[in-house]
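We name chains A, B, ... by the order of the sequence lines, and we start the count at 1 in each one.
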2 protein chains.
Amino acid sequence: MRSDDTANGTAEYRDSSGRTLADYPRPSVAVDTALLTVLPGEDHLSALEVLRPEPTGWALPGTFLHEGERLIDAVRRSLRDKAGVEGMSPRQLHVFDDPKRDSRGWVVSVAHVDVVEADKLEQRLAGRTRLVPVDQPGRLPYGHEQIIGRAVADVRNRYAIAPDPDRLLDEPFTILELRKLHESVAGRALQRDTFRRLMEPQLAGSGRTTSGTRGRPAELFRHRSAPIA
Amino acid sequence: MRSDDTANGTAEYRDSSGRTLADYPRPSVAVDTALLTVLPGEDHLSALEVLRPEPTGWALPGTFLHEGERLIDAVRRSLRDKAGVEGMSPRQLHVFDDPKRDSRGWVVSVAHVDVVEADKLEQRLAGRTRLVPVDQPGRLPYGHEQIIGRAVADVRNRYAIAPDPDRLLDEPFTILELRKLHESVAGRALQRDTFRRLMEPQLAGSGRTTSGTRGRPAELFRHRSAPIA
DNA sequence: TAAATAGTGTCTCTCAGACACTATGTC
DNA sequence: GACATAGTGTCTGAGAGACACTATTTA
């Protein structure tokens with residue numbers, strides 16, 4: 001969506017000591033991702049954690065940026081390799097840059113967030129991954145709790161104003177199904193009528209309704225347009 | 001305010017090819033900063049630009065991250081060295097990561113924003129810096145227009161809800177002075193009575209008033225607490 | 001008919017925008 | 001007193017929360 005660029009100087013760049021770009025030590029650049037979902041039958045957000053070699057233990061999935069690679073591609077690669085998850089639109093959250101935060105050396109990490117349908121997490125590596133409620137993430141290394149906190153806040157902000165921006169629901173869906181999802185994301189109950197009045201104008205009615213259920217059939221809706229990003 | 005941390009693996013980390021951390025090529029990490037201000041007698045935001053060696057021309061101030069350095073310290077160093085400005089609280093905006101965006105090589109840049117009192121820019125290097133209105137930044141390299149755009153949006157969001165969060169105004173100040181500042185930031189006129197009703201509860205009245213002015217003297221206010229960050 | 005769920009009318013509260021009024025100083 | 005600016009009362013419209021009503025289906 002953007003040409004994504006910014007920088008510094010020219011090909012003849014030298015600093016005040018006459019050193020050129022290649023003379024500087026450079027950090028490793030990592031990505032870490034809070035991959036969130038709502039599990040079937042549960043009413044809260046869960047985060048994917050992966051088991052790293054001792055003594056690290058459970059942590060968020062991450063990887064190092066490869067040469068010539070975009071951050072978003074490194075995120076997708078780490079999630080594909082470590083959880084078998086594809087088709088995401090991760091967003092940047094924050095850069096964590098404490099030079100002493102990683103015992104292996106100087107690592108700058110760009111935290112990301114994404115939300116995915118629970119069934120896309122079926123194929124994840126058993127025993128080496130787990131899904132934990134975001135409000136009880138366990139003790140995580142490298143400040144990964146902070147990433148989860150920022151991720152949850154980011155997702156809640158997005159879900160507060162628009163219907164299922166990350167497309168967790170299969171279409172078509174009822175307003176009830178949509179509201180249950182939003183309540184799981186928000187971590188609290190939402191007003192039934194207020195929720196409908198906020199969301200329905202942002203949806204496309206299908207004219208069709210559910211059938212065979214208790215009570216009055218509910219109209220089925222679809223999203224109006226493609227997801228924003 | 002936070003311990004700022006996150007990462008990846010352990011000291012014995014090896015990837016699937018058995019390579020260790022030091023075997024990977026690493027990008028240079030840069031910071032670029034949109035340093036904004038409101039110039040005396042003007043009613044809009046301006047951005048600081050610095051002249052870089054040919055063929056780059058005017059661009060935002062930036063530098064490379066030094067070994068063991070925090071991003072915020074690199075930002076402060078670049079602004080001190082290139083504009084003589086100190087005492088800022090830069091915030092991260094976005095990471096620009098296109099591998100081809102810099103002709104010198106592989107550079108990942110973390111964009112920052114900060115706002116500073118105009119008189120702190122007095123001592124900047126004449127001839128090698130300039131202040132330009134944010135809506136006419138000129139043609140900048142490396143997508144620096146995008147940084148300015150994000151920076152302006154960020155600052156406007158902050159100023160929409162709180163009185164002078166970046167402390168551009170000297171205390172004490174009148175509501176009129178505060179409103180003129182906010183109008184310059186917002187780029188549009190603000191309602192006089194609505195503005196007062198939003199901001200006054202967030203300020204500490206001093207009891208004292210202006211004197212010697214035309215019209216009824218205005219009460220002088222101070223901020224209630226220290227800036228948030 | 002009873003129960004259950006969908007959908008809507010409407011009251012209230014809050015808040016922004018707008019207008020106009022009152023208050024208090026200088027010229 | 002005229003004028004200018006500070007500060008406030010109040011009306012209106014939009015929107016969220018809350019409650020209750022109507023609508024439509026199954027058991």
For Arg77(B), the side-chain contact (heavy atoms from CB on, under 4.5 Å) test, sequence neighbours excluded, returns Thr63(B), His66(B), Glu69(B), Ala74(B), Arg80(B), Asp81(B)
Could you tell me the separation between the CG atom of Leu220(A) and the C1' atom of dT25(D), rounded to a whole number of Å? 15 Å
I'd like to check the salt bridge (charged side-chain N to carboxylate O under 4.0 Å, His left out) partners of Arg156(B); sequence neighbours left out, ordered by chain and number. none
CZ of Phe195(B) versus C1' of dG17(C): gap in Å, rounded? 15 Å
Salt bridge (charged side-chain N to carboxylate O under 4.0 Å, His left out) with Arg192(B): which residues, sequence neighbours excluded? none
For Glu42(A), enumerate each residue passing the salt bridge (charged side-chain N to carboxylate O under 4.0 Å, His left out) test, keeping only those at least two apart in sequence or located in another chain. none
Partner residues of Glu183(B) under the side-chain hydrogen bond (donor to acceptor under 3.5 Å, both in side chains) criterion, sequence neighbours left out: Arg179(B)
Residue set satisfying ring-ring contact (aromatic ring centres under 6.0 Å, His included) with His182(A), at least two apart, ordered chain then number -> Tyr159(A), Phe195(A)
Contacts to DNA chain D from residues 170-184 of chain B, heavy-atom cutoff under 4.0 Å, which residues? Leu176(B)
Are Leu203(A) and His223(A) close enough, and set up right, to give a side-chain contact (heavy atoms from CB on, under 4.5 Å), and what steps lead you there? CA-CA 5 Å; Leu203(A) 296 171; His223(A) 288 292; 4.1 Å; yes
What residues from residues 206-219 of chain A pass a heavy-atom cutoff of under 4.0 Å to DNA chain C? Arg214(A), Gly215(A), Arg216(A), Pro217(A), Ala218(A), Glu219(A)
In a table with atom names and distances, give each donor-acceptor pair under 3.5 Å that connects a side chain of residues 133-141 of chain A to protein atoms at least two apart or in another chain.
none

Applying salt bridge (charged side-chain N to carboxylate O under 4.0 Å, His left out) to Asp164(A) and not counting sequence neighbours gives none
Ile161(B) CD1 to dC15(C) C1': how many Å, rounded? 15 Å
For nucleotides 13-18 of chain D, give me every protein contact, N/O to N/O, under 3.5 Å, one pair per line with atom names.
residue	atom	partner	partner atom	Å
dA18(D)	OP2	Gln191(A)	OE1	2.9
dA18(D)	N7	Asp193(A)	OD2	3.4
dA18(D)	N6	Arg197(A)	NH2	3.1

Whole-Å gap separating C1' (dA16(C)) and CZ (Arg192(B)): 16 Å
Does anything in residues 197-218 of chain A pair up under side-chain hydrogen bond (donor to acceptor under 3.5 Å, both in side chains), and if so which pairs, sequence neighbours excluded? Arg196(A)-Glu200(A)
